[in-house]
There are 4 protein chains.
Amino acid sequence: MLNRAVLLGRLTKDPEMRYTPSGTAVTTFTLAIDRRMTNQQGERETDFLPIVVWSKLAELCAQYLKKGQQAAVEGRIQVRNYENKEGRRVYVTEIVAENVQFLSGGQGQGGEPSYAGGFDKPASSFGGSGGGGRSRDSFNDNPFADDQKPIDISDDDLPF
Amino acid sequence: MLNRAVLLGRLTKDPEMRYTPSGTAVTTFTLAIDRRMTNQQGERETDFLPIVVWSKLAELCAQYLKKGQQAAVEGRIQVRNYENKEGRRVYVTEIVAENVQFLSGGQGQGGEPSYAGGFDKPASSFGGSGGGGRSRDSFNDNPFADDQKPIDISDDDLPF
Amino acid sequence: MLNRAVLLGRLTKDPEMRYTPSGTAVTTFTLAIDRRMTNQQGERETDFLPIVVWSKLAELCAQYLKKGQQAAVEGRIQVRNYENKEGRRVYVTEIVAENVQFLSGGQGQGGEPSYAGGFDKPASSFGGSGGGGRSRDSFNDNPFADDQKPIDISDDDLPF
Amino acid sequence: MLNRAVLLGRLTKDPEMRYTPSGTAVTTFTLAIDRRMTNQQGERETDFLPIVVWSKLAELCAQYLKKGQQAAVEGRIQVRNYENKEGRRVYVTEIVAENVQFLSGGQGQGGEPSYAGGFDKPASSFGGSGGGGRSRDSFNDNPFADDQKPIDISDDDLPF
DNA sequence: TTTT
DNA sequence: TTTT
């Protein structure tokens, strides 16, 4: 059903990129988004929202985004849950980015603000390595991001 | 900064409405949002997203929404954190609804699909009780929802 | 860059589906969206927004949507311009839908509210006819909807 | 009903601010939004979307936004129609901004990227002048932007 | 923990 | 746990 989020904030740290066993890139970062508006009195409040990016877009984010920079993120809200070491079920809410807009505004790395759209290339350069069975990368068969399946990734695979 | 979410799903239960000590209505419910699309094979996956609604809109939601019904919600993503009984800091992500669209589709309570916009009346019917100091309800002075401040509500006040 | 619209309204008529010469389905309809909110006095005001849908999603919309039904549309705002018969340049603003949610609520055609996501199948069933040159359908090579190119469709091709 | 747009682009010119007879500020500008994404071949395509801003937010936009700067706009899509000099009914689609995020990135006016939220002050500083009857400014009674009524503004009032 |  |  309909599940859409659009965010604009600053990275609290450099992004972290990892690869799933099958070779898909996954990048995560946190966006700090001020709740208060300009010229408003009162203590500033901030929401810190975790962002997850997959595939080619993950590599672009890892390459171009830096701590302190502004970015606009478009995606869907996802609730993952897993069992932690103490056997408790933990729920994690994060935004799965389908598009990311790089806005400079960091500490001088300057450059052109630019856009990294979702899945603009077949993304077939990823994975590889082979391995039998239905590869986890098979979600690339359907490049529409809503169809990504980080779901059946075992706990060890999780890069965050 | 920019923080916007638009969701469409079904209520997993009837909404729950409570009042803060100062008399502001707060309604909460969970929206079940299927990730999979129509005619797509494979097991269905669902995100369960907690929704919070304040003030007059809270009362309308409590009155008209029922378990199983469809609703469209527009708002912002918020991360609350509090210390639980074990002294651990717990983070809760929820969507603070500014607009809610009632879509029937439940088990026959029928009626007209209708809309409950944000703060369409001065909402002055709330609170009251008076008392000195800056009332927690003072956020009603600025009816623009981004300005709501559930933030400084003490733990005991929290209705969920 | 970022260009996102989310709409929820009712179809003013049954959708119209046509095919481009190369065989891509294009469906158009208008969504009536009330500006006023429930329980608000005053004359109701309505925006009528033209929606365009391509490819497999176009076929699903043509098949399942009917006049009077509610639908949620997610897409981007596009401004097309063309020269009309009098030699005047005309600008048309429309929403290119990437996802459509079917919500019943029409005059009893009932059925399951369902979702038609963007590009969930390779959509390779379209087009055909072959022919040389760069087929207009080649946008299907990149299934991400932002990449669709209705732009270079000649005036005669336009199905609306 | 639900009608939400989120845009990120660059101003094609400096904004233009005018006042309605009753003293409400109205600012208009056009946002150029590239359709193509970074690193994609092919001619760049751009949508030019007209933005309308009212009240205090209009003044902030006129003051801080300049040609070439980036801005994020959140609002609703509106279709106005009026009769032109030749007696033809003309339809104008524009985005009524409820929030605007100023992102630098122009030609060096630098400064802090900042946010101008909707209606954060009662905006009562506008209008004035008095005059009998229901002032056009009365929409300020309900500061929620969905409630703005540019609709009954006569043609002469239109600042664009 | 969940809705259809 | 955090960004400006």
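Just so we're on the same page: letters track the sequence lines, and every chain starts at 1. On a predicted model such as this, the values are computed, not experimentally measured, just so you know.
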### Query
D34(A) has an atom CG; how far is it from atom C1' of dT4(F), in whole Å?
7 Å
### Task
Verify side-chain hydrogen bond (donor to acceptor under 3.5 Å, both in side chains) between E59(A) and Y19(A), making sure each step is shown before the conclusion.
CA-CA 10 Å; E59(A) 301 189 306; Y19(A) 285 93; 2.9 Å; yes
### Query
From dT3(E), dT1(E), dT1(F), pick the nucleotide closest to the side chain of A32(B)?
dT3(E)
### Message
Once hydrogens and angles are ignored, does a donor-acceptor distance under 3.5 Å link the base of dT3(E) to the side chain of T46(B)?
### Response
yes
### Message
Measuring from the side chain of Y91(A) (C-beta onward, heavy atoms only), which nucleotide among dT3(E), dT1(E), dT2(F) has the closest atom?
### Response
dT1(E)
### Message
Just to verify, what does V92(A) make a side-chain contact (heavy atoms from CB on, under 4.5 Å) with, not counting sequence neighbours?
### Response
R80(A), Y82(A), V90(A), E94(A)
### Task
Send over the distance from L65(A) CG to dT3(F) C1', rounded to a whole Å.
13 Å
### Integer-rounded Å distance: dT3(F) C1' and Q70(A) CD
10 Å
### Query
Quick one: L103(C) CG to dT3(E) P, roughly how many Å, whole number?
20 Å
#### Entry: I33(D) side chain near L2(C) side chain, heavy-atom distance below 4.5 Å
no
### Query
What is the nucleic acid contact for F29(B), judged by heavy atoms within less than 4.0 Å: base, sugar-phosphate only, or nothing?
nothing
### Query
Quick one: E94(B) CD to dT1(E) P, roughly how many Å, whole number?
19 Å
### Task
Could I get the full list of side-chain contact (heavy atoms from CB on, under 4.5 Å) partners for P15(A), not counting sequence neighbours?
L11(A), T27(A), F29(A), L65(A)
#### Entry: Length of the CZ-P vector between R10(A) and dT4(F), whole Å
7 Å
### Query
Rounded to the Å, how far apart are R89(A) CZ and dT2(E) P?
10 Å
#### Entry: Protein-nucleotide distance (E16(A), atom CD; dT3(F), atom P), rounded to Å
15 Å
### Query
Taking the six-membered ring for Trp, does F48(B) stack with dT3(E) (centroid gap under 5.5 Å, planes within less than 30°)?
no
